[in-house]
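Here's the structure we're looking at; comments come further down.
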Amino acid sequence: MGEVKVIGSTLSPYCTRVEWALKLKGVEYEYIHEEPFNKSPFLLSHNPAYKKVPVILHGHRAVAESLVIVDYVDDVWKENPLVPQDPYEKSLARFWAKFSDDKCIRGAWNACKAEGEAKEKAIESAKESLSFLEKQIEGKQFFGGEKIGFLDLAVGWIPLWLGAMEQVGEMKLLDAEKFPSLHEWSQNFNQIPVIKEALPPREKLVAYFTASVRAVR
Amino acid sequence: MAAGEGVKLIGYWASPYALRVEWALKLKGIEYEYIEEDLPNKSALLLQCNPVYKKLPVLIHDGKPVAESLLIIEYVDEVWKEKYPLLPRDPGERAKARFWAKFTDEKCVPAVMATFTSQGEEQEKHAKEAQENLKTLESGLEGKPFFGGETIGFVDISAAWIGIWAKIVGEIVNIKLVDEEKMPLLCAWLQGVLENPIIKDCLPPGEKLLEHNRGFHRMLTGAAST
C-alpha cells in the first residue's frame with residue numbers, strides 16, 4: 001500500500017496516540033513535524049476541513065482525527081488488535097474514548113487555566129469526569145484487559161499530560177486515594193517501553209502549558 | 001444472535017440523533033420497540049441506561065445499553081453486518097466515512113445552532129461559518145450521488161438531517177443556509193436521501209417540527225419569532 005507518514009506535533013497527546021498505535025503494530029513511519037502555531041501548506045492541503053494535526057498519510061490516503069486514525073491503523077494492520085472484537089465491547093471502548101476526549105481532557109484543561117472560585121468548580125467537575133474512568137479500570141490491569149488497547153491509548157494522555165496540567169495549574173486531580181485504580185494504571189502505562197519512547201519531554205510540555213495559561217489569563 | 005431479538009430504542013420524536021438511528025434500523029430491516037421519552041421529564045430507564053450523559057438516543061440490545069448515536073449506528077452495522085451494510089468495507093473509505101460524520105456533528109451542527117441562537121452581527125458571522133462548513137461537507141461527496149456511493153450509507157444517514165434542520169432554522173431566523181446556487185451537489189444529495197421512501201417514512205411531521213423549533217427559539221432568545 002505504501003509508506004506511512006504522520007504529520008504531527010510532539011506535544012500533542014492526539015498525535016502521540018497515533019504513534020503509539022503504529023508502534024504497537026510494528027509499523028515503520030516517517031514523522032513530519034508541525035509547529036503548533038505555524039501551520040504548513042502541506043498540513044492544510046491534507047486536512048482542509050479541520051486544519052489540525054494529526055494526519056496520517058498512507059499511500060494515496062490521508063486520514064485525519066486521531067481516534068479515526070487509530071481505528072484505521074487497527075483496520076489495516078491486523079496484528080496485535082487494539083479495538084475489542086466483540087461489538088458491544090467495541091462500542092464501550094469507543095464511548096469511553098469519546099468521553100475522555102470530550103469531557104476529561106477539556107475538564108482538566110479548564111481546571112488548569114481557571115482561577116479562584118471558578119477553579120474550585122472546574123476541579124470538582126474534572127474529578128467527577130475522572131471518577132467515571134476510575135469505575136471503568138477497577139479490577140483490570142489495563143482498559144483493554146490484560147493488554148493495552150484502544151481505550152488505553154485514548155486515555156493515555158493522563159499520566160504525562162494530566163501530570164503537567166496539575167503542575168502548571170497548581171492542583172491535584174488524579175488523587176491516589178480517590179482514584180486508586182486509575183492512579184495505578186497511570187503509573188504502569190507510562191512504563192511500557194513503546195509508550196515511553198513516544199512521550200515528549202515533560203519540561204517542554206510544562207513550558208508549553210505555562211505559556212498557554214498565561215496567554216488566556 | 002437472532003436478528004431483532006430484544007432491540008429497543010429510547011428516542012424522542014424531534015431528536016435528529018434518534019432519527020438517524022431509526023434510519024439505520026429501518027434500512028437494515030431490524031425490528032425494534034420504540035420508547036418515546038416525555039422530555040423534559042427524563043425517564044428512570046433513560047437515566048439508568050445513560051448515566052454519564054443522561055441523553056437519548058439509547059439502544060438497548062438484549063438488555064445491554066449503547067449510547068451516542070453514531071456509536072449506536074456502528075454497533076448496529078456490526079451486529080447485523082449482512083443486512084444492508086452502512087459502513088464501507090475498505091479501511092480507507094471507512095475512515096473517510098467516520099471523518100465526515102464527525103465533521104457534520106462537530107462543525108456543521110454547532111455553526112447552524114449558533115446561527116439559530118444568535119442575533120445581529122454575531123449571527124451573520126455564524127451563518128457564514130455554517131455555510132463554509134456545509135460547502136466543505138459537500139466536497140466529501142466527491143461528485144457521487146451519496147456519501148455511500150450509489151446507495152445511502154453511514155454518512156448519508158448521519159448527516160442528511162442537517163438539511164431539514166437548516167431549512168427550519170432558515171424559516172425561523174430568515175437566513176438561507178443551504179444555497180442551491182452555491183451548493184448544488186449538497187442540495188441534490190439532500191433531495192436524494194430525504195426522498196428515499198424508508199427515510200421519508202420516518203421523518204417527523206414538518207409543521208409540528210417547525211412549531212417545536214419556533215418554541216425553542218422563543219425560549220432561547222426571548223424574541224418573538226417571525
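Atoms considered below: every heavy atom in the structure, side chains included; atoms not considered: hydrogens, waters and symmetry mates. Since the structure is predicted, the reported quantities are computational estimates derived from the model, not experimental observations. Residue numbers begin at 1 in each chain, while the letters A, B, ... track the order of the sequences.
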Review point. Counting heavy atoms not belonging to B:E132, are there more than 12 under 6.0 Å from its CD?
Key: yes
Check your understanding: Shortest non-hydrogen contact from A:Y72 to B:A95?
Key -> CD1-CB, 4.0 Å
Practice item. Please round to the nearest 0.5 Å and tell me the distance separating atom CH2 of B:W100 and atom CD of A:E65. Key: 11.0 Å
**Study point:** Flag if over 12 foreign heavy atoms under 6.0 Å of NZ, A:K172
**Key:** yes
Check your understanding: Does atom NZ of B:K128 have more than 12 heavy-atom neighbours, drawn from other residues, nucleotides or ligands, at distances under 6.0 Å?
Key -> no
Exercise for review: Specify the closest pair of heavy atoms between A:S91 and B:L71, including all atoms of both residues, with the distance to one decimal.
Suggested key: O-CD1, 4.1 Å
Revision key, fill the gap. Counting heavy-atom pairs under 4.5 Å with chain A, the top scorer among B:A67, B:P51, B:G92 is B:G92
Review point. Do other residues, nucleotides or ligands put more than 12 heavy atoms under 6.0 Å from B:K8 NZ?
Key: no
Review point. Is there a donor-acceptor pair closer than 3.5 Å between any side-chain N or O of A:Y50 and the backbone N or O of B:K107?
Key: no
Exercise for review: State, yes or no, whether a side-chain contact exists between A:K98 and B:K102 at a heavy-atom distance under 4.5 Å.
Suggested key: no
Exercise for review: Count the heavy atoms of every other residue, nucleotide or ligand shown that sit under 6.0 Å from CD of A:E79, and state whether that count exceeds 12.
Suggested key: yes
Exercise for review: Could you give me the CA-CA distance, side-chain angles and deciding distance for B:E93 and A:R61, then say whether side chain to side chain contact (heavy atoms under 4.5 Å, CB included) is met?
Suggested key: CA-CA 9 Å; B:E93 293 303 311; A:R61 293 177 186 149; over 6 Å; no
Check your understanding: Does CZ belonging to B:F216 count more than 12 external heavy atoms closer than 6.0 Å?
Key -> no
Practice item. Measure from the ring center of A:F95 to the ring center of B:Y75 and say whether it is less than 6.0 Å. Key: no
Review point. Using a cut-off of under 4.5 Å for heavy-atom pairs, which of B:E78, B:K64, B:E68 has the most such pairs with chain A?
Key: B:K64
Practice item. Give the minimum heavy-atom separation between A:R94 and B:R98, together with the two atoms involved. Key: NH2-NH2, 3.3 Å
Review point. What are the two closest non-hydrogen atoms of B:F99 and A:A49, and how far apart are they?
Key: CZ-CB, 3.7 Å
**Study point:** Under 4.5 Å from any heavy atom of chain A - which part of B:D90
**Key:** side chain
Practice item. Kindly indicate, with the supporting measurements, whether the criterion side chain to side chain contact (heavy atoms under 4.5 Å, CB included) is fulfilled by A:D75 and B:R89. Key: CA-CA 10 Å; A:D75 248 340; B:R89 296 255 190 257; over 6 Å; no
Exercise for review: Return yes when atom NZ of A:K52 has more than 12 non-hydrogen atoms of other residues, nucleotides or ligands closer than 6.0 Å, and no otherwise.
Suggested key: no
Review point. For A:Y88, is it the side chain, the backbone, both or neither that has a heavy atom under 4.5 Å from a heavy atom of chain B?
Key: both
Exercise for review: Could you have a look at B:T136, B:V66, B:V52 and say which one has the most heavy-atom pairs with chain A under 4.5 angstrom?
Suggested key: B:V52
